[in-house]
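For the numbers below, each heavy atom of this structure counts, side chains included, while hydrogens, waters and symmetry mates do not. Just follow the structure's listing: the first ligand is 1, and inside any ligand the first atom is 1. Predicted, not measured: the structure shown is a model, and the values here were computed from it.
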Amino acid sequence: MIAFSRPSFGGMELRYLEQAIRGGHVGGSGPFTERAETLLEQGHGTGRTLLTTSCTHALELAARLLDLRPGDEVIVPSYAFVTTASAFMLHGGTPVFVDVRNDTLNLDPALVESAITPRTRAICIVHYAGVGATPDTFRGIADRYGLLLIEDNAHSLYGAWRGKTLGTFGQLSTLSFHATKNITCGEGGALHINHPQFVERAEILRDKGTDKSRFVRGETSKYTWVDVGSSWSISDLLAGVLVGQLERFGEIHDRLHAIWNRYHQALSEWAVGGGVRPPVIPDGAKHTSHTYHLRFDSLQTRTRFLNHMRARDVTVVIHYQPLHVSAIGAKLGGRFGDCPVSEDAGDTLVRLPIYASLSDAELDHIIESVGSFAP
Ligand SMILES: *Cc1c(COP(=O)(O)O)cnc(C)c1O
């Protein structure tokens, strides 16, 4: 069976893990954490990066920085990961679900302005599949209404929009290093901060609400409880693995791009002939090849496709189910028909395997299997 996703580790990840164990600093805020944060800051070209235990926790840290009060609203796409919405809810906010565009499945700017109310505090965009969600447009809207822009950048490390790196448009952006992401340390994430006023408080919130970072830097003689935070620092063992992955970023990405381009070339004629929609990459987007997805005309056709691929030993998987009609979304008032594109994508989208260790023979077999399906 060809797996859907598989991490790609080289030699250095193991070496750095061993070095972290032998070095003795295995808790948070160690030397590998510092190295990974520096590499990510250099990669973004601006701002401060704080490694966290996950992207979910980075989103929670962002939510805490907003100091949400009951009734405060955060606009999120309905077609998104659960914690893109729940992180804000867990820290006092109410997610407001807005539909996505039919081409890129990114939040639709044309629908966002009418969702803004006097209680709106922030807009959180997802660069779905690593394709920029017109972040310049959203930054303009957010600035006009005095809102914060947050980028859930879990799919899109070092992608760009109109020449500017994704993750640098919002005041805050988040990354995931979960096992299924382009580079991984198993479980991990980061908060990237482009707004200097948030840096010191974010360090405090990540470190149990204490000013321990100042103590470690020798700026204070003792550390104490100064804010209501949590334990969101990553172990230096995992940060070591992450440094190894960051150093191999170019190699991993070249392979992901080659696979993505091969799918796109080999399947385009088949897709057009069968009414299947391949991914759309708009002008201005430098995408990250995080996902290669296809959309069929109906749930029935997709189910036939899933069975067809399973019979040929290829794991293909569906993606998000629209959040506004989930059990929690419905409690918040979401109804079928509110976000028709998200609902359609939930029924019709399938993702093909894409990871650096996918072999050419496996790729050939997947393409041949897809091409033999009659939509
Ligand atoms: C994976 C993912 C997350 C959550 O990442 P974790 O590191 O597993 O918490 C959040 N948002 C998006 C868009 C994701 O793809």
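D99 is listed as a side-chain neighbour of P340, based on a closest heavy-atom distance under 4.5 Å.
In S54, the parts holding a heavy atom less than 4.0 Å from any atom of ligand 1 are both the side chain and the backbone. With a 4.0 Å heavy-atom cut-off, ligand 1 is reached by no atom of Y128.
Each of D347, N102, T301 was compared with R295 under the side chain to side chain donor-acceptor pair (under 3.5 Å) criterion, and only N102 meets it.
Checking only distances, F177 never comes within under 3.5 Å of ligand 1, N or O to N or O. Considering backbone and side-chain atoms together, T83 places no N or O closer than 3.5 Å to any N or O of ligand 1. At under 3.5 Å, a nitrogen or oxygen of S176, whether backbone or side chain, sits near a nitrogen or oxygen of ligand 1.
Scanning all heavy atoms of the two residues, the minimum distance from S54 to T52 falls at O-OG1, 2.8 Å.
Nearest protein heavy-atom contact of atom 14 (C) of ligand 1 is A154 CB, 3.4 Å.
Ligand 1 does not have A58 within reach: every non-hydrogen atom of the residue lies 4.0 Å or more from it. Contact analysis leaves H57 out of contact with ligand 1, as no non-hydrogen atom separation drops below 4.0 angstrom.
F169 has its ring centre no less than 6.0 Å from the ring centre of F138.
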